[in-house]
2 protein chains.
Amino acid sequence: MKRKSVTSRDVARLAGVSQSAVSRTFSPNAKVSESTRRKVMDASRELGYRPNTIARSLITRSSRTIAVVTYSMENPFYSFMLEKASRFFQAQGYHLLMFFAPPSGDFDAVLDDIIRSQVEGVLLLAITMNQRQAGLVDDFGIPVVIINRTVDYAGISQVGSDNFQGGYWAGRYLASLGHQRIGFLGGLPDSSTHQQREAGFLEGLLSLGQTCSVSEIGNYRYEDACQATRRLFSSSLPPDALFAANDLMALAAMEILRYEFALKVPGDVSIIGFDDVPMAAWPSHALTTVRQPVDMMIKKATELLMKQVAQEEMQPEHIILPVTPMLRGSTRMPSRQP
Amino acid sequence: MKRKSVTSRDVARLAGVSQSAVSRTFSPNAKVSESTRRKVMDASRELGYRPNTIARSLITRSSRTIAVVTYSMENPFYSFMLEKASRFFQAQGYHLLMFFAPPSGDFDAVLDDIIRSQVEGVLLLAITMNQRQAGLVDDFGIPVVIINRTVDYAGISQVGSDNFQGGYWAGRYLASLGHQRIGFLGGLPDSSTHQQREAGFLEGLLSLGQTCSVSEIGNYRYEDACQATRRLFSSSLPPDALFAANDLMALAAMEILRYEFALKVPGDVSIIGFDDVPMAAWPSHALTTVRQPVDMMIKKATELLMKQVAQEEMQPEHIILPVTPMLRGSTRMPSRQP
DNA sequence: GTGAAAGCGCTAACAA
DNA sequence: TTGTTAGCGCTTTCAC
């Protein structure tokens, strides 16, 4: 389909130099005389020559491509990360190749796809792998960095934030507010973030002698969280406070409570989320939440991946960044005894 | 860095067949005997062989890769499209290579990058090119589909929705509601969507004898729209209705009006947006807006691009899909005389 | 500094 | 059906 298919050979012929001289001219750190370079550049311009990245990749064994894998872009938290990561890699001459994982398993097929595509690294956004899969990628020597999930394999780097601490704060804070029936709106039950946030939450409640009254699963998705909230509050003894494992679900809960149950937030129910997506700060929502340092996370993850791509062997790192409670208007004021 | 670098040659040796037999085994429509296939597959499994996509691309001149270019993922409208498009292409064995355009010009560099990368097609999300750039891509025979922008070049396909009609409806509807000072919150002034929506809007107002009282620019971004709204309503004679060129800006305006100016929406000010992002339907916002058929847009665009990638020559198409007014709670009830 | 030559791993004739 | 052969467009020794 290419109308034009100008090769370095064509340029060489026109410029009256060898084909390797053309190659050198387009190689960052080659030695070419100024006169040769000019002849080559002139000929290139005339013919509209562009070096074929694929041919280069084949021989240099470097595709300058990173695979990004994720389940969904519904959560703005991840589309933000995608943009940040993409711009970072682009600045280094790398590009992101998108892989969306199918909702239902078959991650193996995606992995196979990734390996074949000769990417130099893999960035997993809120996706994990099992040991076998991790070992497979490792066998191929492809560095992997996982964001916001843990993996049961030593050879893979992870970047996340302190989910336990965030959950702990949420639990303790809600308890300190004097709430009596505190509920949990969970994410994906199998995810490490869900488990760590829940564990921290329970511990935080416990630290003030409270327990979790009731919980439901929202799968980190808006619609599922709406349903879960309806179940949670249809009981005869509904919660008076809720910790949602991410902001998207917390916002869903607020919508349902305010507009379907006619409950006041925070008057009747306090709500805490997790992530601190931009929307959480909108005055309509004013969501009290646990901020993840998303800029730092993506910075660490991309730098880590680049380092591992560049260097032969490198110790994988596990980075856990601190979270920050963001007190806003979705939790009642701390007036009672703490 | 690759620890493993198993080639088809290695597999051939172990399987006791020729290298091309291995190649055939991994080619979708090749003729290999069952016995050879089994020998090859066994050897492949043992060695962990994966065909090298890059080598294949070099010879078939088909990278099975599509470039996606966009400015930003801030608007969920586009992250949604990205996911849809990516899944569509993935299902056909294609993958998306991400290119984020720098905010300030220099699109030429990105284009150069794209051409070198040997993608088979380009999907522009809310990005346009000038004639020279379009001609350049065309020279290389790379098909391009533009979503949500127009381009002044016949050889490129476009998919969009009826921005003029949407704007027209917004203008006429606000006027019909009896509003007296109707304002416009514009997007990127140079964008075709901005211009078409504004033109339709003015025409719609005019159809009921109204004009646009005041307008500001929000660049399709949340923060800019907040600023623009502040300017718009700081005057002594502020608007009593507002048409924003997208939902993100309409939502920004609502936040500012309600929480900074203590104005009621729709009591004091009616607001209409454009796009119908999921958030617009959240009860907190209940944004009256003009729905773009995003599913259909991405379906048309991806199908069009695939067709052009597959076929040698194909007439570029200009597809304009109908929009749908979504009446919700951000506009006052039509009680007065229309 | 430059050109000739040898591949990178694979596909695609072609002949057997 | 199978193996042999010739490249895809480029980078990279290696003499000169």
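Note: hydrogens, waters and symmetry copies are ignored here, and every other heavy atom, side chains too, is used.
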Separation of [N] [atom2] from [X] [atom1] (nearest whole Å):
{"X": "Arg9(A)", "N": "dA5(C)", "atom1": "CZ", "atom2": "C1'", "value": "11 Å"}
{"X": "Ile59(B)", "N": "dT11(C)", "atom1": "CD1", "atom2": "P", "value": "7 Å"}
{"X": "Leu58(A)", "N": "dG7(C)", "atom1": "CG", "atom2": "C1'", "value": "9 Å"}
{"X": "Gln19(A)", "N": "dG7(D)", "atom1": "CD", "atom2": "C1'", "value": "14 Å"}
{"X": "Arg116(B)", "N": "dT11(D)", "atom1": "CZ", "atom2": "P", "value": "10 Å"}
{"X": "Asp10(A)", "N": "dC8(D)", "atom1": "CG", "atom2": "P", "value": "11 Å"}
{"X": "Arg56(B)", "N": "dC10(D)", "atom1": "CZ", "atom2": "P", "value": "21 Å"}
{"X": "Lys39(B)", "N": "dT1(D)", "atom1": "NZ", "atom2": "P", "value": "14 Å"}

Pairs where residues 93-111 of chain A contributes a residue and the test salt bridge (charged side-chain N to carboxylate O under 4.0 Å, His left out) is met, not counting sequence neighbours: Asp108(A)-Arg132(A)
Close side-chain approach of [X] to [Y], heavy-atom, < 4.5 Å:
{"X": "Met73(B)", "Y": "Phe100(B)", "value": "yes"}
{"X": "Met297(A)", "Y": "Asn148(A)", "value": "yes"}
{"X": "Ser44(B)", "Y": "Phe26(B)", "value": "yes"}

Close approaches to DNA chain C from residues 22-38 of chain A, in residue order (heavy atom, under 4.0 Å): Arg24(A), Lys31(A), Val32(A), Ser33(A), Thr36(A)
Nearest-neighbour nucleotide for the Asn52(A) side chain, dG3(D), dC10(D), dC10(C) considered: dC10(D)
Closest listed nucleotide, where the reference is the side chain of Thr60(A) and the choices are dT11(D), dG3(C), dT11(C): dT11(D)
N or O in side chain of Ser8(A) less than 4.0 angstrom from dC10(D) OP1/OP2: yes
Option passing side-chain contact (heavy atoms from CB on, under 4.5 Å) with Val145(A) (candidates Ile66(A), Leu123(A), Leu124(A), Val122(A)): Leu123(A)
Charged N-O contact under 4.0 Å between Asp295(A) and Lys299(A): no
Side-chain donor-acceptor pair present, Glu120(A), Tyr94(A), cut-off under 3.5 Å: yes
